[in-house]
Every structure is written in structure tokens, then in C-alpha cells.
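The block underneath contains the structure these notes are about, expressed in C-alpha cells.
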Amino acid sequence: MSHLSSSVRSAAPATAQCATAKISILEATKIYAAKTGPVHALERVSADVYEREFVCILGPSGCGKTTLLWAMSGLHALTGGEILLDGQPVQGPRPDQVGVIFQEANLLPWRNLLENIEFPFEIKHQKVPRDLIVALLEQTGLAGFEHSFPRELSGGMQQRASIVRALAQAPSVLLMDEPFGALDAFTRDEMNLLLLRLWSESRQTIVFVTHNISEAIFLADRVLVLTPRPGRLARAFDIPLPRPRTVEMTFETEFLELMREIKGAVESGSRRTLEV
Ligand SMILES: Nc1ncnc2c1ncn2[C@@H]1O[C@H](COP(=O)(O)OP(=O)(O)OP(=O)(O)O)[C@@H](O)[C@H]1O
Ligand SMILES: [Mg+2]
């Protein structure tokens, strides 16, 4: 029997069965009331994300990944089911606990890089953690660009700045919605390595949305595969690859076997939906 078969599990990870659920997704259902009629985006998705875990949510475009992430962040409500954070229902955004990183860096164009990173502290009237910001700018290769404006930075640099902005607030959970989707393949690899390096030190709980199978395997402890809309949980895969991960691993047999198996799950999810 391949080790991969034993690594395929329900929505609970092999390594964290006794761990505390940081986030619990309980029968999450979302139906949007669009002008053209109801849009059924999510159907009874249930899963736990454990403390310090790195979970990727993988699925085709339009299957409800952003919808699920926004519900986790409290940015919008579900139609049915609920999300628990540390056992408490999520009823609205909690920026001190939950950082959100979007596909676009969303920097304010009239503020320089440092002023953008300090902005959330200004609006909350909180002390700026200067030492942490200096360390993060150093780690992300942005030291020296503090006074540059967003238009003077590359897409990768802007996205790194948005990561620094989120991490500076020391949230215990980071929710990331295809944050590197707009970047070229080389920059994307670099950003994934950088993210893993930062995470190995800070060990937040991370939920990372992507429709890229290779990216999901490279980053995650566990990959949750959603079916096409309405998104249902198709399968969950433990990723038993050792850490630290390297780009070379993506060419090795174990990685390629996982790719094949997860691609199969994504495709059979699609077929099931087409047959309905
Ligand atoms: N505000 C909204 N009003 C109506 N329908 C919406 C709204 N937001 C999303 N939808 C619909 O819900 C479905 C799921 O959307 P969602 O953005 O969550 O998908 P996704 O998996 O993130 O897709 P992508 O990979 O393209 O970002 C889509 O069919 C979308 O058109
Ligand atoms: Mg999306």
C-alpha cells in the first residue's frame, strides 16, 4: 500500500488529533442573493484547522474559496452553519487576532511603505512595534525601501509589504486569499519560500487559499479540496513532506505522487458535480 493512501484522511490531520481546533468550520453554507437570482456558493463545508497548522484550501475558480475565507475572517456572514475561532462564534472582523492578506496588496498609494505598515496602528491608536517592523522588513528584503511609495515597488515587493503589515500586528491567525496569484512563477516560488521561513519562526495558524495544486502541496500541512460550486469538501490530504521544504522537492517522486492524487480528487469532484 502506498504511504499516500494512508495519508489521505477526512478533515482531521494525522499529527494533530489531540491538538486544539483553532478554527472550526461547521456546516458552512452560503447562498448569495444576486440580482439574477440566488447563487449557491458553499454547501455544508465542515473542517477544523488546528493551532499552528498551515492549511491550504484548494479548488477551481468560483467554488467558494474566497467566500469561505471571508466568513472565517468575519468580513461577511454565512447563510447557514458557523465558524468558531478559539471556540467562540465569529460574528465580525477581529483584526487583532486575525490578519487577512488578499490577492492585491491594497497599499495606500499616497503613503510610503513604512507609513502603510504603520497605518493599522494609527487607526487603532496603538503603539507601533518598531523593533518587530524593522526585523520583518529585514527578513523580507524590504529594508532600505521604507520611504518608497507603492508605485515605486514591484508587485512582489508590494505583496511582501502587505505581509509585513499583517505580521506586524502579530495575529494568531493569518488568512491568505491567493496572495501570490498575480505574480510570475519565479517570484511566486520566492514568496512561498519566504512565507514558510517567516511561518517557521512565528508559527501562526495559516489558512491559504489557492487554485494551484503544486503551491498547496509545497506550503501545507494539510490540503482541503473543495468541489466546484457549490463548494463542498471533496477530500482532505495530509502532506507528509519534511520541513524545511525546498523547491527541489517539487521535482521528487513523493511530491509528484501527491500532485497526481490531489489532481484526481479535484477532477473527480468536478465530475461528481457535472453528473448532478
Ligand atoms: N457578492 C456576491 N454576490 C453574488 N454572488 C457572489 C458574490 N461573491 C461571490 N459570488 C459568487 O459565489 C461563487 C463563489 O465565489 P468565490 O469568490 O467565493 O469563489 P472562489 O473560489 O474564490 O473563486 P476564484 O478562484 O475565482 O477567486 C461564484 O459563483 C461567485 O460568482
Ligand atoms: Mg477567490
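Each ligand, and each atom within it, is numbered from 1 in the order the structure gives.
Residue G59 places no heavy atom under 4.0 Å from ligand 1. At least one heavy atom of E178 sits closer than 4.0 Å to an atom of ligand 1.
The shortest N or O to N or O distance between V39 and ligand 1 is not under 3.5 Å. Considering backbone and side-chain N/O atoms, A34 never comes within less than 3.5 Å of an N/O atom of ligand 1. Note: no N/O pair closer than 3.5 Å links A41 and ligand 1 by distance alone.
E190 and T187 form no side-chain donor-acceptor contact under 3.5 Å, judged by distance and modelled atom types alone.
Put simply, the side chain of N106 reaches to within 4.5 Å of the side chain of R165, judged on heavy atoms. Two residues are said to be in side-chain contact when any heavy atoms from C-beta on lie closer than 4.5 Å; I25 and I83 meet this criterion. With contacts defined as side-chain heavy-atom distances shorter than 4.5 Å, the pair L167/L174 qualifies. Between E178 and E215, every side-chain heavy-atom pair lies at or beyond the 4.5 Å cut-off.
With P179 as the fixed residue, the side chain to side chain contact (heavy atoms under 4.5 Å, CB included) test singles out one of I101, T210, V100: I101. The side chain to side chain contact (heavy atoms under 4.5 Å, CB included) test with N112 singles out one residue from L108, L114, N116, and that residue is L114.
Shortest contact from atom 14 (C) of ligand 1 to any protein heavy atom: G62 O, 3.4 Å. Closest to atom 22 (O) of ligand 1 among all protein heavy atoms lies T66 OG1, 2.8 Å. Ranking the protein heavy atoms by distance from atom 15 (O) of ligand 1 puts T67 OG1, 3.8 Å first. For atom 6 (C) of ligand 1, the closest heavy atom belonging to the protein is Y32 CD1, 3.3 Å.
Judged as a side-chain hydrogen bond (donor to acceptor under 3.5 Å, both in side chains), and not counting sequence neighbours, the contacts of H40 are E43.
Ring planes of F54 and W199: perpendicular class, angle over 60° (limits at 30 and 60°).
The R229 neighbourhood of ligand 1 comprises atoms 13 (C), 28 (C), 29 (O), with distances under 4.0 Å to a heavy atom of that residue. Atoms of ligand 1 found under 4.0 Å from any heavy atom of S61 (numbered from 1 in listed order, with element): 23 (O), 24 (P), 25 (O), 26 (O).
The presence of a protein heavy atom under 4.0 Å from atom 26 (O) of ligand 1 is confirmed. Put simply, atom 30 (C) of ligand 1 has no protein non-hydrogen atoms near it, under 4.0 Å away.
The Mg ion (ligand 2) has no N, O or S atom of T67 closer than 2.8 Å.
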